[in-house]
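Shown next, in structure tokens, is the structure this report addresses.
Please read these numbers as outputs of a predicted model, since none were measured by experiment. All values below come from the heavy atoms of this structure, side chains included, with hydrogens, waters and symmetry mates left out.
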Amino acid sequence: IINTNGGLLTPALLHELKKAGAFGFTFHIDSKQGRPGWKQANELDLNELRLSFADMLAAEGGLSCSFNSTVYEDTLHYTPDLVEWAAKHIDKVHVMVFILYRAVSPQIPFDWYAGGQKIDMNDLVYGETEERKVDMKSTDVVREIRKRFPDFSPCAYLNGTEQPDSFKWLISGRIGTKERIYGYVGARFMEINQLGNHLLKGKYLAYASPGMTSLGRSMMLFSPFDQGVRSIAGEYAKSMLRNPTTMFRGMHYQSITIIQPVDFMENGQQNMCDGCPDMTLYEGRLVWSCRMEELKQFGCWVRTVPKPKVTQVSVATAGDRIG
């Protein structure tokens with residue numbers, strides 16, 4: 001999987017990368033990037049750019065197509081629009097990912113250490129000089145999406161390393177056509193698919209191939225085991241009764257993923273994504289790719305240490321005591 005902003009991608013280069021073994025692409029596109037020609041664009045405007053990449057991959061064929069978008073406090077309200085846009089292009093867009101904004105901003109009450117040395121986090125790319133909300137949760141995005149799509153329903157998650165009940169990766173899967181989403185799969189569907197993939201291939205499934213995501217109609221065979229799929233099958237049957245031509249429309253599976261990066265806890269612990277699928281190899285070991293800049297800059301992970309709390313002490317003068 002190649003994670004890229006897509007700025008240099010052409011159909012010719014795409015073809016060569018596929019021949020070299022590329023399985024798919026995750027394009028990071030959001031309104032805070034300051035892209036040439038798109039600097040004034042909002043998230044809705046950028047759908048034109050997103051679609052150009054989706055069309056390019058579809059023309060090449062056989063490649064997974066995903067989009068990342070960083071969610072800021074002032075762009076959170078666009079998430080339902082992107083969920084809706086992805087649904088209209090479910091045959092080309094296989095995954096839509098929302099990554100909550102994280103940065104080292106002035107309001108975070110910590111000192112920062114690399115090894116035993118205190119450091120300035122503004123030396124790294126995710127240092128922030130202005131106060132900004134950096135603690136949004138994945139559940140905040142779910143609430144925002146449900147304002148327009150009340151049936152939006154996650155089916156799986158990855159928990160945190162320090163806080164096991166946190167939803168660090170919150171994953172939903174839906175089945176539908178370009179005209180309509182019929183519903184969201186449940187937890188049992190994901191469990192059966194992950195266990196089946198592990199039994200057959202010895203590993204869990206992180207990215208599905210376009211050939212697999214296009215089997216939306218066949219996925220309804222999971223109806224006896226999963227309530228979500230049962231509901232999808234029921235809605236699909238009703239639509240066929242109303243309009244038999246529905247059976248000729250392609251049915252696809254699409255994933256909507258919400259990622260909640262590092263959380264800074266009051267005691268200084270850093271709650272990371274446990275078993276992150278986006279880990280990468282760095283100098284012979286697996287590391288969190290979102291924090292690799294720390295290893296490059298300092299040779300180790302940066303630690304957070306709570307700043308000492310300043311307490312007020314009343315000091316009485318000798319005259320006060322005598323009096």
Rounded to the nearest 0.5 Å, what separation is found between the CG atom of D135 and the NZ atom of K137? 6.0 Å
For residues 200-207, which side-chain N or O atoms pair as donor and acceptor with protein atoms under 3.5 Å away, sequence neighbours left out?
| from | atom 1 | to | atom 2 | distance (Å) |
| --- | --- | --- | --- | --- |
| Y207 | OH | D278 | OD1 | 3.4 |

Sidechain-backbone polar pair: K18 side chain, G61 backbone, donor-acceptor under 3.5 Å: yes
To the nearest 0.5 Å, how far apart are CD in E293 and CG in L124? 7.0 Å
Taking side chain to side chain donor-acceptor pair (under 3.5 Å) as the criterion, tell me which of T70, N5, N3 meets it with H28. T70
The complete set of ring pair (Phe, Tyr, Trp, His ring centres under 6.0 Å) pairs with one or both residues in residues 208-231, sequence neighbours excluded, reads F189-F222
From L281 CG over to S289 OG, what is the distance, rounded to the nearest 0.5 angstrom? 12.0 Å
Run the side-chain hydrogen bond (donor to acceptor under 3.5 Å, both in side chains) test on S239 and Y182 for me, step by step, so that the C-alpha distance in whole Å, both residues' side-chain angles and the decisive distance to 0.1 Å come before the verdict. CA-CA 9 Å; S239 69; Y182 287 94; 3.3 Å; yes
Are any side-chain N or O atoms of Q254 and backbone N or O atoms of A86, one a donor and one an acceptor, separated by less than 3.5 Å? yes
Would you find a donor on one side and an acceptor on the other, under 3.5 Å apart, between the side chain of R180 and the backbone of Y236? no
Okay, side chain of Q260, backbone of L100: is any donor-acceptor separation there less than 3.5 Å? no
Between K168 and N271 (side chain of the first, backbone of the second, donor and acceptor by atom type, cut-off under 3.5 Å), is there such a pair? yes
Quick one: do K32 and D74 make a salt bridge, cutoff under 4.0 Å? yes
Check: H94/S209 side-chain N/O donor and acceptor closer than 3.5 Å: no
Check: F67 and L46 side chains under 4.5 Å, non-hydrogen atoms: no
Between the side chain of W288 and the main-chain N/O of C273, is any donor-acceptor distance below 3.5 Å? yes
What salt bridge (Lys or Arg N to Asp or Glu O under 4.0 Å) pairs are there with at least one residue in residues 97-116, not counting sequence neighbours? R102-D263, D111-K118
Please report the interatomic distance CG(L158) to CG(D274), rounded to the nearest 0.5 Å. 7.5 Å
With the 4.5 Å side-chain cut-off for hydrophobic clustering, are L82 and I99 part of the same group? no
Kindly write out the residues that satisfy side-chain hydrogen bond (donor to acceptor under 3.5 Å, both in side chains) with D140, not counting sequence neighbours, or none if the list is empty. R143
From CD1 (I258) to CD1 (I171), nearest 0.5 Å: 10.0 Å
Please tabulate, one pair per line, all N/O donor-acceptor pairs under 3.5 Å involving side-chain atoms of residues 298-307, not counting sequence neighbours.
| from | atom 1 | to | atom 2 | distance (Å) |
| --- | --- | --- | --- | --- |
| R303 | NH2 | G115 | O | 2.7 |
| T304 | OG1 | G268 | O | 2.3 |
| T304 | OG1 | Q270 | NE2 | 3.4 |

Show every ring pair (Phe, Tyr, Trp, His ring centres under 6.0 Å) that has at least one partner inside residues 5-25, sequence neighbours left out. F25-F27
Residue set satisfying salt bridge (Lys or Arg N to Asp or Glu O under 4.0 Å) with E73, at least two apart, ordered chain then number -> none
Min side-chain heavy-atom separation L9-L17 under 4.5 Å: yes
About how many Å separate CZ of F98 and CG of L76, when rounded to the nearest 0.5 Å? 9.5 Å
Indicate yes or no: at least one non-hydrogen side-chain atom of M251 is less than 4.5 angstrom from one of I175. yes
Residues in side-chain hydrogen bond (donor to acceptor under 3.5 Å, both in side chains) with E179, at least two apart? T177
Tracing side-chain contacts under 4.5 Å among Ile, Leu, Val, Met, Phe, Trp and Tyr outward from L44 reaches Y78
In terms of hydrophobic clusters joined by side-chain contacts under 4.5 Å, are F53 and L8 together? no
Do R249 and N243 make a side-chain contact, defined as non-hydrogen atoms from C-beta onward lying under 4.5 Å apart? yes
Is any side-chain heavy atom of I232 closer than 4.5 Å to one of M220? yes
Heavy-atom count check: over 12 atoms from other residues, nucleotides or ligands less than 6.0 Å from L286 CG? yes
Report yes or no: does R146 contribute a side-chain atom to a donor-acceptor pair with the main-chain N or O of F152 at less than 3.5 Å? yes
The ring-ring contact (aromatic ring centres under 6.0 Å, His included) partners of F110 (sequence neighbours excluded) come to none
Does the side chain of L49 come within less than 4.5 Å of R35's, by heavy atoms? yes
Pairs meeting criterion salt bridge (Lys or Arg N to Asp or Glu O under 4.0 Å) with involvement of residues 78-89, two or more places apart: D81-R148, E84-R148
Per the side-chain hydrogen bond (donor to acceptor under 3.5 Å, both in side chains) rule, what does the pair list look like for residues 183-193, sequence neighbours excluded? R174-Y184, R188-E191
Going by atom types alone, do T75 and D30 pair a side-chain donor with an acceptor below 3.5 Å? no
Run the salt-bridge test on E43 and R50 with the 4.0 Å N-O cut-off and return the result as yes or no. yes
